[in-house]
Structure formats: C-alpha cells, structure tokens
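Written below as structure tokens is the structure these notes are about.
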Amino acid sequence: MGTNGKPTTETVRQSLGLSLAALGVVYGDIGTSPLYALRECFHGSHPHPATPENVLGVLSLIVWSLLFIVSLKYLVFVLRADNRGEGGILALLALLNPWGDGERASRRVIITLGLFGAALLYGDGTITPAISVLSAIEGLKVATPLFQPYVVPFTIAVLMLLFLIQHRGTARVGALFGPVMLVWFTVLALLGVRGILMAPEILGAFNPLHAVDFFIRDGWNGFIVLGAVFLVVTGGEALYADMGHFGRPPIRQAWFGCVLPALLLNYFGQGALLLRDPSKATEPFYHLAPSWALYPLVLLSTMATIIASQAVISGVFSLTRQAVQLGLSPRMRIIQTSSEEIGQIYIPSINWALMLATILLVTGFGSSSGLAAAYGVAVSTTMVITAVLVLFVMRERWQWHPLAAGGLTAAFLTVDLAFFGANILKLEAGAWIPLAAGVAVFLIMTTWRRGRELVITHLLAHATPLSSFIAERAANPPPRVPGTAVFMSGRLFETPPALIHHLEHNQVLHRQVVILTVLTEDVPRVPAAERIELESPGLGFFRIIAHYGFMQNPHVPVILRECEPLGLVTDPDSTTFYLGRENLIPTRRVVGMALWREKLFSFMARNALQATAFYSLPPNRVVELGQQVEI
C-alpha cells in the first residue's frame, strides 16, 4: 500500500499475478465443467427433453447454483475459515482441534466428519482426471465419427503421460497454467457470446422463477436432474483446498473478475444453442464452435483438462502429507519438487495408485457420460460435511450468535442436501466407486490413528519418566564414550525405550545424549525462529522439542544444526541415531480394535516408510532397537 493508503502499482501487479496463477491452479476443475455439465442434463443417464421450458429451467438452476454455492457459500463464507492461511478439510479439522479438551460427543462428531470428508476427496481425485480428459478428447467425435474407436486409447495415453511426469513437479510448467487457463476462459466467453446471439431470449434464465417452474412441472424428474446440475459446482471444494497457495483476495478476484462471467456466458450460449436446435444436446459445448475451430478447441480443451487434473493430483498429494503429519496415515516417501514452493511435492505411491485408478475408470466406463453418472456423490458429501464443520467454526472460533450460525448453515445444508440426495440416486450407475474409495481411505485413517493410540498406551504403561532415569544415572553413572547419541522419541517427558534397551545391552552412554521429539502442530507452518525448544537436565543429557506444521517435512540434521546457537554442538561424523521399532502382535487379549483391524494396522506399520527416510537421517549412522508390542 502507498503512503496515502491506496494500492501501489507494484501491489496491483502482484495481486493480478496471483489472480492469474489462481486461474491455473484453483479453477481448472470447475472451469472445465462446461465440457459435460449441460450435456448430462439433456443427454446423460437421466436425460430431459430439450424443450424451451426445460432449457430455461435447467439453466436457471445452473446459474443460481454457481451464485449460491460457489460465490456465496465458498467465496464469501467458507474461505474465511482458514488455518493461518491454509484451507481444505484437514486444515479445517486442525483449526477446530478436536483432539484437545472439550465435549467428547461433539469432538467425536467433528473427527468422524472431518476424516470422512477428507477421505472422500481421494475418490474425487481418481474420477476428476478421468472425466475431464475423456470429455475433452471426445470432441474429436464431433469433428468426425472416425475418431470414435480412438477416444479411449488417446485418453489413456494422455493420462499416463500426465502421471509419468509428476516426479518433475509443477515448478517448471506452473507458470504456463495461468495464461493457458486465461485463454481457456476467454474462449469460453467468446463461444458463449456466439451462442447467445443465436437466441438472446436465453438470458431470461437469470429469473429464478424458471427453476421453480421446472420443479413444479417435472416433480421427481426435476429432482433427479439436480445430479447433473451439480456437475457445474464440483470444483467448489478445490477453491477452499488451494487457498494456501494464493490467499483469499486473488482467488476471489479471479472468480468474480474472470471465471464466473466466462462460465455464465458459456452456459447461456449452450442453452441458446439448445433453444435453436435441441438435437445439439449430444455435445452442446463443441457445437458452439464453428467447424474450422473444432480441432484447435479439442487441443485447448485437452490442455485445460490436463491442468485441471494436475491441480486435483497436487491437491491429493497435499492432503496426503497433511494426513501423515497429523498422524492419520502411515509414513510415506514425500519428495519436494521445488526449493521455492513448499506446496509442490510428489508422493510416488499415491501417484501410481491414482494412475491405475483413473485408467481403470476410463476403460470401465468408456465415456464421460458414463463417468458423469458416477461423479458427484463424493464431492456433494464433502460439501455437506464442510457446511457442518464451518458451523462449529462459527460457534467456537468466530463466536457467532447461535441463530445467525444456525440459520446460515440451514440455508447451505438445504441446497447441499438436495444435491446430495440427487447424487445418491446414481449409486447403481457407478457412484458407489468413489464412495467405496472414500470409505477405504477413511478406514485406513481411523485404523492407523487408533492403532497408534494402542501402541502408545502400551509403551506409556512401561515407560520411565526421564527425570527418574537421569537421577538414577547420577546415582550409578555408567561409562561414557565419545560422541553424541540421538534418540528419537514420540512422547514428551518419557525415556525412549530405545535408550533403556541401549543402556541395558551395551552398558555405556555417549558423552552427549540427545532426546529428540518432533511435534506436528495444528497449524500449516511453524517459522524457523519458533521451531526449537532445547533444555539440558544435566549429565550430558539434552532434550529437543522440534515443532513443525502439518504442511512441513521434518529434517533431523537441520534441527541439530539449528541447536548450535542454543548451546548444543554436534559433530555429524560422531553422531549416532537410535530408533525404536515396535514388532506388532495382533491378539484378542488386548481390548481396543477388532482383530482384522489390528492385522490391517500391523500390515500398514510394516510397510510404512522407515523413520530413517522420513526424518532424513543419514542411513549409515542409524541403529534400530526393537521390542514386541501386543495390540
């Protein structure tokens, strides 16, 4: 801001730059919905005849869905529920901190809803790339039916290429995303204007009475079409999840200044085309273009859907890292693909799982219409959950009056539940697939968290307070050897079992004994200046508590270097890292989980990424000491 309180030229330039970048990352999903959304209303699994009354009614539903759900619910209210700038359902869950003290019933509800909502996003992450890329490639059929047999193979080839280049990260190509999507939204608007000029009376769909009349005339069939109408807002949750990349103002500026006008113009243009020629309902988006522009439009559409898919894939990577850091998932190999952008990461196991799932979906359904029948259930469920969690934020964090918070939530839930009800009717058409994926991820998250609780309970029952351990060493000092021993400990104020076992078996201690605990806070990032707590109880013992956010990866050698100004100096060549490893034994004797879940937890623990890699420890200086734990 300038000295007079007005934005400077540089501030405006930065804001526009962020808004342009937001077009490429945040709005790819919702921006490619015109490829298939209106088509599914009149040519999908439950098609409606494209009569003038139906076209005006459905288009009115689309217009007001965009205005109410995206513009009002997400852009105005939900984006306010940020956790130090980060959005997304796990960030929202961490903001509420349901694992702290409070009413146990409401805490359990928050945890269950938050975890299930996060799990459902994995189902969305598998189906979005498949339907987006497939709908773009299907434009070739409009140019000539000769391409019909090659649509699925072309789609699979594009998807495979997309996933194969993920390990390179988005840093190099990310700068192109915004300009390409700006071209895309400009083309959407121009095509829409071309269509509107065919039948200007389509602008009457702004009147919500057309939507009301549509429901009165069609009744149950009108309710069913909501499942297809919902496709226009399926990218709404991505607005919230990607908030940390750009912040609220650029996302809002991009929406109201570019995305919303372009989408409305294009949907109106498609509606006008159907008023003039209902037979074009097979592919209204591509029929808006002149014949000479079809091939360039297919190419641009493919680029836009690749960008949309990239944003969803990156979102799943980010969600997975948050789950790992919050103790909701086993440790995984997480690769930072950019030295400048912390949000740009690559998780190989998730990448290959997504690739396999999307290819199977494309092969199994064979068309974007088939996929559209399965699309929407996971997203609509997540939107319902988000509305409920934001209600808790309104009451607990914003201190809103119960009537204000309840009234606004009731309005949101009325619309969200209507869309959810229409989408749940798609179960037989394949909607169970993303739901099943979500349930599977939810089961993994809850099993992992509960399993870790059981292990910690067992270890604490046999734990020795650190103060008692040091006092005993003062009374009976063991021999000391040169160097530093670092013992990783997940619990504060307790002696790591690995330290006890080391002393029992080797009968010596190093001159410096460091007990290191890495804590993940309920915030996205912890500044370096606030990361380290160091205390020295004496006798060469040091206690380090390192604080990280759930969007950060811990790095133990860096932690040790950051301790040097605080008085702890270590030599990397004479430092040994000791890790405890629990050999889990599922048994019915220990009450806690069903035996099959105990076996699942044991399997996940065996296959989790080793702590050596997760904490970036030098492999040649690590010693593991194990113990058996019955769960």
Side-chain angles (χ1 to χ4, degrees), residues 29-30 32-50 54 57-58 61-62 65-66 69 116-117 119-135 138 155 211 214-215 218-238 281-284 308 312 357-358 360-387 413-442:
D29 189 0
I30 199 169
T32 52
S33 296
L35 285 166
Y36 49 81
L38 193 64
R39 180 196 67 198
E40 291 307 306
C41 296
F42 298 105
H43 193 70
S45 55
H46 296 90
H48 270 55
N54 285 344
V58 167
L61 285 171
I62 288 174
S65 296
L66 287 170
I69 293 181
F116 189 57
L120 287 173
L121 292 178
Y122 284 88
D124 179 40
T126 60
I127 203 168
T128 296
I131 189 174
S132 298
V133 176
L134 186 53
S135 61
E138 282 175 342
T155 301
F214 175 77
F215 280 124
D218 284 42
W220 177 248
N221 290 331
F223 178 76
I224 292 176
V225 84
L226 284 179
V229 171
F230 182 73
L231 296 174
V232 308
V233 297
T234 49
E237 196 68 28
T282 54
E283 286 289 352
V312 172
T358 54
L360 289 176
L361 285 171
V362 170
T363 305
F365 284 92
S367 70
S368 60
S369 287
L371 281 167
Y375 196 29
V377 175
V379 184
S380 61
T381 307
T382 303
M383 286 186 172
V384 171
I385 292 172
T386 298
L413 285 178
T414 298
V415 177
D416 289 341
L417 288 173
F419 279 122
F420 170 78
N423 278 289
I424 206 69
L425 298 174
K426 301 177 179 180
L427 283 178
E428 291 186 5
W432 61 270
I433 294 176
L435 276 183
V439 170
V441 174
F442 176 74

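FYI, the numbering just counts along the sequence from 1.
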I'd like to know if the side chain of [X] and the backbone of [Y] have a donor-acceptor N/O pair within less than 3.5 Å.
{"X": "K426", "Y": "Y375", "answer": "yes"}
{"X": "N423", "Y": "F419", "answer": "yes"}
{"X": "T126", "Y": "G123", "answer": "yes"}
{"X": "T128", "Y": "G125", "answer": "no"}

Determine whether [X] and [Y] make a side-chain contact, defined as any pair of heavy atoms from C-beta on separated by less than 4.5 Å.
{"X": "T234", "Y": "I30", "answer": "no"}
{"X": "R39", "Y": "S368", "answer": "yes"}
{"X": "D218", "Y": "F223", "answer": "no"}

Heavy-atom pair with the smallest gap, counting every atom of [X] and [Y]:
{"X": "L35", "Y": "S132", "value": "CD1-O, 4.3 Å"}
{"X": "L231", "Y": "S33", "value": "O-OG, 3.1 Å"}
{"X": "V225", "Y": "H48", "value": "CB-CE1, 4.0 Å"}
{"X": "G421", "Y": "I424", "value": "O-CG2, 3.1 Å"}
{"X": "V232", "Y": "A37", "value": "CG1-CB, 3.5 Å"}
{"X": "G117", "Y": "T382", "value": "O-OG1, 3.6 Å"}

With rounding to the nearest 0.5 angstrom, report the [atom1] to [atom2] distance, [X] to [Y].
{"X": "T358", "Y": "L134", "atom1": "OG1", "atom2": "CG", "value": "11.0 Å"}
{"X": "I127", "Y": "F365", "atom1": "CD1", "atom2": "CZ", "value": "6.0 Å"}
{"X": "I433", "Y": "L361", "atom1": "CD1", "atom2": "CG", "value": "5.5 Å"}
{"X": "L371", "Y": "S135", "atom1": "CG", "atom2": "OG", "value": "9.0 Å"}
{"X": "L120", "Y": "T381", "atom1": "CG", "atom2": "OG1", "value": "5.5 Å"}

Run the side chain to side chain contact (heavy atoms under 4.5 Å, CB included) test on V229 and C41 for me, step by step, so that the C-alpha distance in whole Å, both residues' side-chain angles and the decisive distance to 0.1 Å come before the verdict.
CA-CA 7 Å; V229 171; C41 296; 4.0 Å; yes
In chain order, what residues pass the salt bridge (Lys or Arg N to Asp or Glu O under 4.0 Å) check against D124, with sequence neighbours excluded?
none
Could you go through F230 and V379, starting from their C-alpha distance and side-chain angles, then the distance that decides it, and tell me whether this counts as side chain to side chain contact (heavy atoms under 4.5 Å, CB included)?
CA-CA 9 Å; F230 182 73; V379 184; 4.0 Å; yes
Hits for side chain to side chain donor-acceptor pair (under 3.5 Å) against Y36, two or more places apart or cross-chain, chain-then-number order -> none
With no hydrogens and no angle check, do the side chains of E138 and S367 hold a donor and an acceptor under 3.5 Å apart?
no
Can you list the steps and then say if V362 with I131 is a side chain to side chain contact (heavy atoms under 4.5 Å, CB included)?
CA-CA 8 Å; V362 170; I131 189 174; over 6 Å; no
Parallel, tilted or perpendicular: which fits the ring planes of F116 and F442, with parallel below 30° and perpendicular above 60°?
perpendicular
Before you tell me yes or no, could you show the steps for L226 and F215 under side chain to side chain contact (heavy atoms under 4.5 Å, CB included), namely the whole-Å CA-CA distance, both residues' side-chain angles and the distance that decides it to 0.1 Å?
CA-CA 10 Å; L226 284 179; F215 280 124; 3.8 Å; yes
